[in-house]
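Notes to accompany the following structure.
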Amino acid sequence: HFFVFNIGDFLGRYICQFRRIQVWSSKRLMAMSLARTLFIPVFLMCNVQRSPSSSSTPIINSDVLFMLILLAFGMSNGYVSSLCMMAAPSVEHNPRLKGRVEDVDVAATVASFCLIGGLAVGSFASFAVRAAVCGCNPFTE
């Protein structure tokens with residue numbers, strides 16, 4: 001699944017080069033970013049291993065379908081993150097930087113910091129999700 005996600009991420013970053021599908025509106029970028037949270041319940045419907053005593057079958061029980069969902073998740077990750085990182089320090093596309101070329105470096109640094117901060121928060125949150133799904137301590141099991 002790491003390979004499939006990274007292929008999707010690469011494809012999402014690759015398609016950002018085509019001008020016809022570039023999005024520069026901050027509202028649309030925010031909406032696309034927030035819409036990605038819809039993947040959370042979809043992934044929880046997949047082949048999630050719950051506690052060993054649970055005999056319930058998942059709603060999405062196909063590995064192929066899981067991989068396609070993961071590919072779409074990776075593509076949306078690469079696409080949205082690349083567009084955000086391109087738009088933040090752009091004098092042309094970021095209205096807050098109009099006529100303020102000296103602030104481009106600061107905008108790029110803040111965008112990078114937010115990206116890394118989001119990755120860190122997501123990594124820590126994965127422990128809480130694991131604990132909620134299996135009803136266990138994710139640090140000991």
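Quick note: numbers below take in every heavy atom, side chains included, and nothing from hydrogens, waters or symmetry partners. Bear in mind that the values here come from a model prediction, so they are computed numbers and not experimental data. Along the sequence shown, the residues carry numbers beginning at 1.
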Intermediate values then yes/no, side-chain contact (heavy atoms from CB on, under 4.5 Å), S112 and M85
CA-CA 8 Å; S112 298; M85 295 302 283; 3.6 Å; yes
Would you say the side chain of V64 lies within less than 4.5 Å of the side chain of S62, judging by non-hydrogen atoms?
yes
Is any side-chain heavy atom of R36 closer than 4.5 Å to one of V80?
yes
When you measure from the side chain of N94 to the backbone of P89, do you find a donor-acceptor pair of N or O atoms at a distance under 3.5 Å?
no
In one Ile/Leu/Val/Met/Phe/Trp/Tyr side-chain cluster, 4.5 Å: V4, L11
yes
Answer yes if L65 and F3 sit in the same cluster of Ile, Leu, Val, Met, Phe, Trp and Tyr residues linked by side chain heavy atoms under 4.5 Å apart, and no otherwise.
yes
Check the hydrophobic clustering (I, L, V, M, F, W, Y; side-chain heavy atoms under 4.5 Å; chains of links allowed) and say if V104 and L83 are grouped together.
no
Taking the inter-plane angle between the rings of Y14 and F18 on a 0 to 90° scale, is it parallel (under 30°), tilted (30 to 60°) or perpendicular (over 60°)?
perpendicular
Mind listing the closest non-hydrogen atom pair of F39 and S76 along with its distance?
CE1-OG, 3.7 Å
May I ask you to check whether over 12 heavy atoms, not counting those of F113, lie within 6.0 Å of atom CZ?
no
What are the two closest non-hydrogen atoms of L70 and H1, and how far apart are they?
CD2-O, 3.1 Å
Closest heavy-atom pair and its distance - C16, G78:
SG-O, 4.4 Å
To the nearest 0.5 Å, how far apart are CZ in F73 and CZ in F66?
10.0 Å
Tested for side-chain contact (heavy atoms from CB on, under 4.5 Å) against D103, the lone hit among V91, L97, V110 is L97
Treat each ILVMFWY residue as a node, draw an edge where side-chain heavy atoms are under 4.5 Å apart, and state whether I15 and W24 are in one component.
yes
Got a second to check how far C46's SG is from I69's CD1, nearest 0.5 Å?
4.0 Å
Separation between OG (S25) and CE (M32), nearest 0.5 Å, reads 8.5 Å
Should I59 and M67 be regarded as members of a common hydrophobic cluster, given that ILVMFWY residues are connected when their side-chain heavy atoms come within less than 4.5 Å of each other, either directly or indirectly?
yes
OG of S82 to CD of Q17: how many Å apart, nearest 0.5 Å?
11.0 Å
Which distance, rounded to the nearest 0.5 Å, do you find between the CG of L29 and the OG of S33?
8.5 Å
Interatomic distance, N77 atom CG to N6 atom CG [nearest 0.5 angstrom]
9.5 Å
Side-chain heavy-atom pair L119, I116 within 4.5 angstrom cut-off:
yes
